Every structure is written in structure tokens, then in C-alpha cells.
Amino acid sequence: MASQPEGFNFEQMHGKQRVRVARVWKNKEGRHFFVEWNVNISLLSDCVNAYVHDDNSDIVATDTMKNTVYVKAKECSEQVSVEEFAILLAKHFTSFYHQVTHAIINIVEKPWERVYIDGQPHEHGFKLGSEKHTTEVILKKSGVIQLTSGVEGLALLKTTKSGFEGYIRDQYTALPETRERMLATEVTASWRYAYESLSSVPQKPQFFTDRYLDVKKDLVDTFYGPPKEGVYSPSVQNTLYLMAKSVLNRFPDISSIKLKMPNIHFLPVNLKNKDNQTIVKFADDVYLPTDEPHGSIQASLSRFWSKM
Ligand SMILES: O=c1[nH]c(=O)c2[nH]c(=O)[nH]c2[nH]1
């Protein structure tokens with residue numbers, strides 16, 4: 001929220017970060033459903049008087065914001081997706097408080113998954129998976145919405161069908177060109193939905209959870225290619241682009257996608273002993289895994305116009 005106290009340009013917002021909540025739902029058959037969320041709230045309201053004077057009368061206390069997360073979780077009698085929960089919080093803050101003009105809600109869902117015992121789904125047992133489902137909702141009082149979903153920590157690796165050739169070679173270059181290498185990354189993706197107003201957001205229960213799983217599958221399938229033959233990657237850049245393009249081609253209600261794909265290096269191992277005899281000669285088999293330094297490659301792709 002921008003304002004001009006005492007002739008200055010001034011921007012401010014306040015909120016509560018890292019509000020952790022877990023919620024259990026039980027169906028009639030006795031099956032339990034479980035989520036754990038880490039919620040970040042930022043509210044924009046005209047509370048310049050709190051900064052400039054000692055007048056807090058326009059402030060929603062951040063402690064109140066924290067309590068609201070638990071009240072709203074309690075009120076969700078049916079299971080909701082992380083996107084739906086972010087939207088209902090944003091709706092609450094922008095409608096309940098006349099002072100609040102915008103709400104920004106970010107949530108990261110911890111990847112608890114139902115456990116399977118001897119192939120059978122457990123009724124109330126969960127284990128921690130790997131990648132995390134994220135969302136961001138920016139809602140204005142008018143109902144104008146920006147809805148983004150994403151995935152964090154999606155670790156992917158393939159042991160062949162990757163190379164890197166034809167790059168600038170100069171006196172600083174040591175890297176040999178190759179058509180045979182390991183390709184490993186940890187994808188962070190966020191995609192923006194084209195829904196522009198609260199009233200156009202799909203209401204179907206679990207719509208956004210299904211969409212999250214479908215987008216993730218599309219990203220993963222494009223990275224690997226078909227199970228038998230795979231697909232050759234000439235660079236992380238090209239693979240990233242194909243992944244982003246595939247998502248936009250498949251999902252008309254997604255208007256843009258941003259991908260971060262660090263190039264996590266596995267270094268070939270070649271070892272000589274003290275007498276200069278080779279004891280390990282690399283043949284695309286023994287690697288030194290590293291996590292730093294790593295290449296950092298990121299891009300975003302968006303439509304010129306919405307397909308919806
Ligand atoms: O796919 C790659 N992209 C790069 O930009 C790069 N740079 C590098 O050293 N190795 C690679 N690999």
C-alpha cells in the first residue's frame with residue numbers, strides 16, 4: 001500500500017509468517033485424510049497512522065491473523081485443497097476488514113502421503129514424501145485474483161540421453177563437449193492460472209489438487225521421455241523449455257509458468273595412485289555427486305493471450 005505521509009513516498013504491509021497448521025478429516029467409512037500447511041499472510045491496508053503516529057486503529061494484529069488460520073481450518077468441514085484454503089483466507093481478510101484492500105497468502109504443503117501396507121492403503125497412516133505443493137493467492141477487495149500454484153524440491157535424474165555441445169569455447173573453457181552425461185536437477189516450478197476474478201475460479205472440490213498432480217506428471221514425463229527409449233536432452237535449457245511448453249499446451253487455464261532447474265553436477269571419477277597408475281578410469285559409471293557449485297538455469301514462459 002503506497003501512501004505519502006509528510007511528503008515521502010511510503011509503502012508498507014504487514015502479516016504473519018510461518019503459521020503452521022495441520023488438519024485431519026474423517027469420512028463415514030473411518031478413513032482419515034491429513035494435510036500440514038505452513039501459511040504466510042501479508043495484508044495491505046492503509047495503516048500509515050501506525051507508522052507515522054501512535055495510532056494503531058487500522059491495524060489487524062498479526063496475532064489475530066495467526067488465530068484466523070486455526071479458526072478457518074476448523075471451519076473446513078470437508079477436505080479442501082491448499083489453493084482453496086489460501087483463497088478462503090484471502091477472502092476472509094479482504095471482506096471482514098474494511099481497511100484491508102489486498103491479501104497475499106502463500107502456503108507450502110508438507111508432502112504427507114498415505115502409507116500402503118502390502119499394497120493396501122492404510123486408513124490413518126501417513127509418511128513423508130519429497131516434493132512440496134505450493135500456492136500463492138493475491139486477492140483484491142474487488143474480487144480480482146492472481147492464483148499461482150507450484151512445486152518445490154522435485155528432484156529428477158537420468159543417467160544418460162543428455163549432452164552439452166557447441167557452447168562458447170575460449171581460453172577459460174575446460175569442460176569437454178559430450179553427448180553422454182548424467183542429468184540431475186531439483187525443479188522449482190510455479191504456474192499462474194488464468195482465472196482473474198473470484199467468481200471464475202473452479203469450485204469443484206480438489207480441482208487444484210488434481211491439476212497439481214497432472215502438471216507435475218507432465219513436467220516429469222517431458223523430462224524423461226518414454227520409458228524405453230527416453231529422450232535426448234541437448235541442454236538443461238532445452239529440456240526446461242520443452243517442459244514449460246508442454247504444460248502451456250496441455251492446460252488452457254494456465255497462462256504462464258516459471259521453472260528453476262539447477263544443473264546438479266555429477267563429476268566423472270578418474271583416479272591415479274601415488275605411482276601415477278590409473279586405478280579408476282571413468283567409463284560413464286563412477287561419479288562424484290556434488291551439490292555446489294551448481295548451474296542455475298531458470299526461465300518463464302507465458303502466452304501472448306489467454307486461451308480461455
Ligand atoms: O545443460 C547445460 N547448460 C549450461 O548452460 C551448462 N553450462 C555447463 O557448464 N554445463 C551446462 N549444461
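Being a predicted model, the structure only gives us computed values, none of them experimental. Counting starts at 1 for both ligands and their atoms, following the listed order.
Taking distance alone, with nitrogen or oxygen atoms compared against 3.5 Å, Q237 approaches ligand 1 more closely than that limit. For the pair V236 and ligand 1, the shortest N or O to N or O distance falls below 3.5 Å. Ligand 1 has no N or O atom lying under 3.5 Å from any N or O atom of S235, backbone or side chain.
Note: Y195 and F208 have perpendicular aromatic rings, judged against thresholds of 30 and 60 degrees for the angle between ring planes. H124 and H122 have perpendicular rings, their planes meeting at more than 60° on a 0 to 90° scale where under 30° would count as parallel.
The two atoms that bring W37 and E109 nearest to each other are NE1-OE1, 2.8 Å, heavy atoms only. Nearest heavy atom pair, residue F85 against residue I107, reads CD2-CD1, 3.8 Å.
For atom 4 (C) of ligand 1, the closest non-hydrogen atom on the protein side is F164 CZ, 3.3 Å.
Interface atoms of ligand 1 facing N263, defined by a heavy-atom separation under 4.0 Å, are 2 (C), 10 (N), 11 (C), 12 (N). Heavy-atom contacts of L175 reach the following atoms of ligand 1: 8 (C), 9 (O), 10 (N) (cutoff under 4.0 Å).
The existence of a salt bridge linking R211 and E83 is excluded, since no basic side-chain nitrogen approaches an acidic carboxylate oxygen closer than 4.0 Å.
Checked by atom type and distance alone, the side chain of R303 pairs as donor or acceptor with a backbone atom of L248 at under 3.5 Å.
Contacts with ligand 1 closer than 4.0 Å are made by side-chain heavy atoms of R181 only, the backbone lying farther away.
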